[in-house]
Number of protein chains: 2
Amino acid sequence: MAHCYKYPRAALTVDCVVFGLDEQDLKVLLIQRDSEPFAGTWALPGGFVDIDETLEDAANRELSEETGAKQVPLEQLYTFGDLDRDPRGRTVSVAYYALVRLSDYSLQAASDARDAAWFAVSELPGLAFDHKKIIDLALERVRGKVRFEPIGFELLPRKFTLNELQGLYEILLARSLDKGDFRKKILAMDLLEELDEFEQGGTGPAAELYRFRKEKYRRLAEAGFVFEF
Amino acid sequence: MAHCYKYPRAALTVDCVVFGLDEQDLKVLLIQRDSEPFAGTWALPGGFVDIDETLEDAANRELSEETGAKQVPLEQLYTFGDLDRDPRGRTVSVAYYALVRLSDYSLQAASDARDAAWFAVSELPGLAFDHKKIIDLALERVRGKVRFEPIGFELLPRKFTLNELQGLYEILLARSLDKGDFRKKILAMDLLEELDEFEQGGTGPAAELYRFRKEKYRRLAEAGFVFEF
DNA sequence: CCAAAAGTGTTCTCCATACACCCATGC
DNA sequence: GCATGGGTGTATGGAGAACACTTTTGG
């Protein structure tokens, strides 16, 4: 059953850039393509948008089908429309991105993907289509956004130490931070809850665990407060 | 000659939110639709993307066809894909925005528009489709961006006084600024060129004219400098 | 002379930075 | 005891906020 139109129409797809944090590295979730074009090549999870689903639904569906990751809080990144970005013909892709806790997701390749895996952003394999460009833009967006919105917490376990948090900011901002100043600044916001629990690291004293007060932040943000680091 | 596909495809359009500044008001460029749906209603300039043109080319073409405005430096805003946003059927629209000098553009309605005109953002008429939502998002984006990029200058004449510039920031940030502090801060960046020319306003002393040093800014920005107001 | 607008100077506070220091733990 | 890492305290400079003040022009 064919669908016919007066004018030719571009195909519409979505692609997802999902970031996770693993000790030292910021990682991206990729799938190995099972079908042409670019069969065998690593690529972002994504695919065609159905006629009766929203863009965001399509992104979440494809992500779930290809990697098993469900309920990922995706945000729209940018729409890529270069003429030659897909060898099958004119294809416009709406890209989404998300930050997740690596530990929350156990991957399982499915549908049109052979495999799904995390790659450090500094050691990406060759990628299909213009997906390298998409990841670069997503990185830029995340690095800009982390300074003005508390999105870093989405990458950490729910309970974390201040030093883990500092490490995260050092990775995302790509510079080292003063320990004392970091603690003062982040605690002064009064957005962290001290849990009176401790993490037994290897050597040295046990580190206090904290939790991000998401609800309090939401209330403050609505009242005009701007998180800034 | 019909074009047929195995699966139904959404239609793809672009919409343009063009801002201009007029003394006191931030204004948006709208067209009055000539054809159905929403004939007679005001709407954003925009239309269908041809199969062999990029999204940005489509946006510039539609803007030029419907309003006469050419060479507008458009930036992508967001892609709207709600299922019911167009009564003709599933339509996904990539929205663009731009800031221009009102004086640079003399409007002329054309093609499928009856009329084109500037409206103050605080006094918008009823709008077609989800265009109100698009303008609201564009406003939010501009208001956020003006603090970290020198985009305000695109709304002013090439030569301007510091007080005009201050007025612009007061409009965009929606708060009043201290004269002395504003001058100190903006001059301390050393991004304005003093022209030794003066503008004869009504009453009071003549005001010094300045020009934004775009090239210098570009060089600094590449070296990591961040404009911040 | 007066109102309005251009432009300068001063004070105070707060915060980012840099850096020194102390304490707890494992080996 | 000592290296490692957790956590606190302090001096300094610079930027932002608030506000006073001078000067120039048209009416």
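Each chain gets a letter, A, B and so on, in the order the sequences are listed, and its residues count up from 1.
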Nearest to the side chain of A:D181 - C:dG7, C:dT17, D:dA18?
C:dT17
Calculate the interatomic distance between A:E194 atom CD and D:dG6 atom P; express it in whole Å.
15 Å
According to the interplanar angle, ranging from 0 to 90°, do the rings of A:F153 and A:F160 count as parallel (below 30°), tilted (30 to 60°) or perpendicular (above 60°)?
tilted
Value rounded to 0.5 Å, distance of CZ in B:R101 from CG in B:L155
8.5 Å
Quick one: which of C:dA5, D:dG6, D:dG7 gets closest to the side chain of A:E208?
D:dG7
Rounded to the nearest Å, what distance is computed from the CG atom of residue A:L162 to the P atom of nucleotide D:dG7?
7 Å
Candidates C:dG26, C:dA4, C:dT17 - which lies nearest the side chain of B:T203
C:dA4
Which of C:dC23, C:dT17, C:dT8 is nearest the side chain of B:R183? It is C:dT8
Whole-Å gap separating P (C:dT17) and CG (A:L173)
11 Å
Atom pair distance, as rounded to whole Å: CG in B:D196 and P in C:dG7:
12 Å
Given atom CG of A:D178 and atom C1' of C:dA20, what is their separation to the nearest angstrom?
11 Å
Residue A:K185, side-chain atoms from C-beta onward, closest of D:dG6, C:dA16, C:dA18:
C:dA16
The single option from B:E193, B:E199, B:R158, B:E194 that satisfies side chain to side chain contact (heavy atoms under 4.5 Å, CB included) with B:L209 is B:E199
Whole angstrom value for the distance that separates P of D:dG5 from CZ of A:F182
17 Å
Applying a 4.0 Å non-hydrogen cut-off, can you work out what B:A188 is touching in the nucleic acid: base, sugar-phosphate, or nothing?
nothing
In whole Å, I'd like the distance from the CG atom of A:L209 to the C1' atom of D:dG7.
15 Å
Could you tell me whether a side-chain N or O of A:R143 sits under 3.5 Å from a main-chain N or O of A:L172, the two making a donor and an acceptor?
yes
Please tell me which of B:K179 and B:K184 maps to the more 5' nucleotide of DNA chain D, matching each residue to the nucleotide holding its nearest heavy atom.
B:K184
With a 6.0 Å cut-off on ring centres, are B:F80 and B:F129 close enough?
no
Whole angstroms only, please: what is the CD1-C1' distance between B:I186 and D:dG16?
14 Å
